[in-house]
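Bear in mind the structure is a predicted one, so any value in this text is a computation, not a measurement.
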Amino acid sequence: MVSMIFNDPSSAAAFHRLSFTRFSNGLVSLRRFVGPLHVFSNTPTLPRALSLHAPRSSRFITASMAAEPSAKVIDGKSVAKQIREEISAEVTKLKEAIGVVPGLAVILVGDRKDSATYVRNKKKACESVGINSFEVNLPDDASEQEVLKYISDFNGDPSVHGILVQLPLPSHMNEQNILNAVTIEKDVDGFHPLNIGHLAMRGREPLFVPCTPKGCIELLHRYGVDIKGKRAVVIGRSNIVGMPAALLLQREDATVTIVHSRTKNPEEITRQADIIISAVGQPNMVRGSWIKPGAVIIDVGINPVEDATSPRGYRLVGDVCYDEACKIAAAVTPVPGGVGPMTIAMLLSNTVSSAKRAYNFN
């Protein structure tokens, strides 16, 4: 028996930060920090393609079709593209109706190349849908008070509807103090304790939900996966993905189990799941033997492993062994191209929702 040891890093999220540690066994560990969907319910969606209840003769993919050699690919890239198109239309409508252009402010501290890349990608995404972007770049030795001052200014700026502090921050800064300084009305990352608290409570609605877990649920919705009454297993319990993903599944009336680093017999528990969301940051940890035939798998993990045939020297894989999952599951997200592309799309969507809320525009 092979003993599986895994952790619950915030790496499970997507598109905020990647940091690599290379080991002699050929694996490269990855931690990724993310940031946050509020998808517009009145916009068209992709054709519904999955149902765990649909009859075999229907046009829907069913659990009984898992015996086929290849699972349905849940294409996050195409879904994110459609969402960006929807956002662009909403931005145009908002501007034409009341003259308001949504604005997103990003604060970057330090000169890490990967952070700069992610901030640059967010800026490009904003421009592509017509959202104004505001960027603050501070040196690594900037004081915590400087960051708090910029947050305070953006909190009071009516042209800014979303504020994002790029993580991680330098070690001399108190991350919790800085994130909590963002007013809840502009917390488009969805990490404010009040937003998380409302997410956890029945009868309460958060202003924003962390984007990666909400993107996971949106993929299930847009592919017509029935969640109500299903057994769902979330692998990982990070504040950024695992915990809010479990809360969202619970809101959808799934029966939810969280598998984490202290769980005994994780394979046995996961094999009971109709829906698996894996957000643990361990390459290919979930093997075919962990998967119930006909299950739907959302793989949040993005892990670099050495690959001499790649120009970069490595390739990206998920937490789930994709080749094995494709032979057993009804549907699975690829890595890359699954959950990852949803993250920035969700951030943009949250920003537009914030602008609409600020002006009571429906």
Side-chain angles (χ1 to χ4, degrees), residues 15 35-48 76-107 119-136 150-165 181-192 194-195 198-199 203-219 221-222 248 251 341-362:
F15 278 135
L37 155 106
H38 197 80
V39 177
F40 312 107
S41 59
N42 59 343
T43 53
T45 61
L46 296 177
R48 291 187 173 272
K77 189 174 181 179
S78 67
V79 175
K81 180 177 182 293
Q82 180 173 355
I83 290 172
R84 289 196 303 271
E85 292 171 353
E86 296 166 5
I87 292 170
S88 181
E90 291 290 326
V91 170
T92 299
K93 186 165 66 172
L94 189 61
K95 183 177 181 179
E96 292 177 349
I98 59 176
V100 172
V101 178
L104 173 65
V106 179
I107 299 174
V119 169
R120 186 165 57 249
N121 288 342
K122 293 181 181 81
K123 185 175 182 178
K124 289 180 180 179
C126 284
E127 293 173 352
S128 72
V129 299
I131 292 176
N132 288 334
S133 62
F134 305 85
E135 184 179 337
V136 172
Y150 277 107
I151 292 175
S152 178
D153 290 345
F154 285 136
N155 280 341
D157 187 341
S159 66
V160 173
H161 306 98
I163 302 171
L164 184 148
V165 180
V182 177
T183 182
I184 189 173
E185 291 83 6
K186 299 185 180 184
D187 173 41
V188 289
D189 256 341
F191 297 147
H192 194 286
L194 289 177
N195 276 322
H198 286 166
L199 179 63
R204 302 290 183 91
E205 292 298 327
L207 295 181
F208 305 102
V209 172
C211 68
T212 298
K214 192 156 188 181
C216 293
I217 301 301
E218 186 65 14
L219 285 175
H221 285 168
R222 296 216 177 196
L248 286 170
R251 279 178 169 248
M342 298 291 287
T343 301
I344 292 180
M346 303 301 96
L347 176 63
L348 301 178
S349 186
N350 273 357
T351 302
V352 174
S353 295
S354 179
K356 293 170 71 175
R357 185 184 297 114
Y359 292 91
N360 198 27
F361 181 84
N362 296 317

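Residues satisfying the side-chain contact (heavy atoms from CB on, under 4.5 Å) criterion with Ala105, sequence neighbours excluded, are Phe134, Phe154, Val160. For Glu85, the salt bridge (Lys or Arg N to Asp or Glu O under 4.0 Å) partners at least two apart in sequence or on another chain are Lys81. For Asn195, the side chain to side chain donor-acceptor pair (under 3.5 Å) partners at least two apart in sequence or on another chain are Asp187. Listed by chain and residue number, nothing satisfies the side chain to side chain donor-acceptor pair (under 3.5 Å) test with Ser152 (two or more places apart in sequence, or in another chain). Residues forming a side chain to side chain donor-acceptor pair (under 3.5 Å) with Ser128 (at least two apart in sequence, or on another chain): none.
Of all heavy-atom pairs between Gly130 and Val101, the closest is O-CG1, 3.3 Å. Listed here is the closest heavy atom pair of Val182 and His192: O-CD2, 3.5 Å. When every heavy atom of His161 is checked against every heavy atom of Ala358, the shortest pair comes out as CD2-CB, 4.4 Å. Nearest heavy-atom pair, Ser354 versus Lys186, reported as atom, atom and distance to 0.1 Å: OG-CA, 4.5 Å. Scanning both residues, Thr343 and Thr212, for their nearest heavy atoms gives OG1-OG1, 3.4 Å. Looking at every heavy atom in both residues, Ala181 comes nearest to Ile151 through O-CG2, 3.6 Å.
Side-chain contact between Glu90 and Ile87 is absent, with no heavy atoms from C-beta onward closer than 4.5 Å. Put simply, the side chain of Val91 reaches to within 4.5 Å of the side chain of Pro102, judged on heavy atoms.
Distance check, rounded to the nearest 0.5 Å: CD1 of Ile344 to OG of Ser349 gives 13.5 Å. Taking SG of Cys126 as the start and CG of Asn132 as the end, the distance is 8.5 Å to the nearest 0.5 Å. A distance of 6.0 Å separates CD of Glu218 from CE of Met346, quoted to the nearest 0.5 Å. In this structure, Ile163 CD1 and Asp157 CG are separated by 8.5 Å, a value rounded to the nearest 0.5 Å. Atom-to-atom distance recorded for Ile131:CD1 and Lys122:NZ is 13.0 Å, nearest 0.5 angstrom. To the nearest 0.5 angstrom, Met342 atom CE is 4.0 Å from Leu219 atom CG.
Using a 4.0 Å cut-off between charged side-chain N and carboxylate O, Lys124 and Glu127 make no salt bridge.
The closest donor-acceptor contact from the side chain of Thr351 to the backbone of Gly103 lies at 3.5 Å or more, if one exists at all. Looking only at distances, no side-chain donor or acceptor of Ser88 sits under 3.5 Å from a matching main-chain atom of Arg84.
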*Assess whether side chain to side chain contact (heavy atoms under 4.5 Å, CB included) is satisfied between Lys123 and Arg120, documenting all intermediate values.*
CA-CA 5 Å; Lys123 185 175 182 178; Arg120 186 165 57 249; 5.6 Å; no
Donor-acceptor pairs under 3.5 angstrom involving side-chain atoms of residues 203-211: please list them, not counting sequence neighbours.
{"unit_1": "Glu205", "atom_1": "OE1", "unit_2": "Arg251", "atom_2": "NH1", "d": "3.3"}
{"unit_1": "Glu205", "atom_1": "OE2", "unit_2": "Arg251", "atom_2": "NH1", "d": "3.1"}

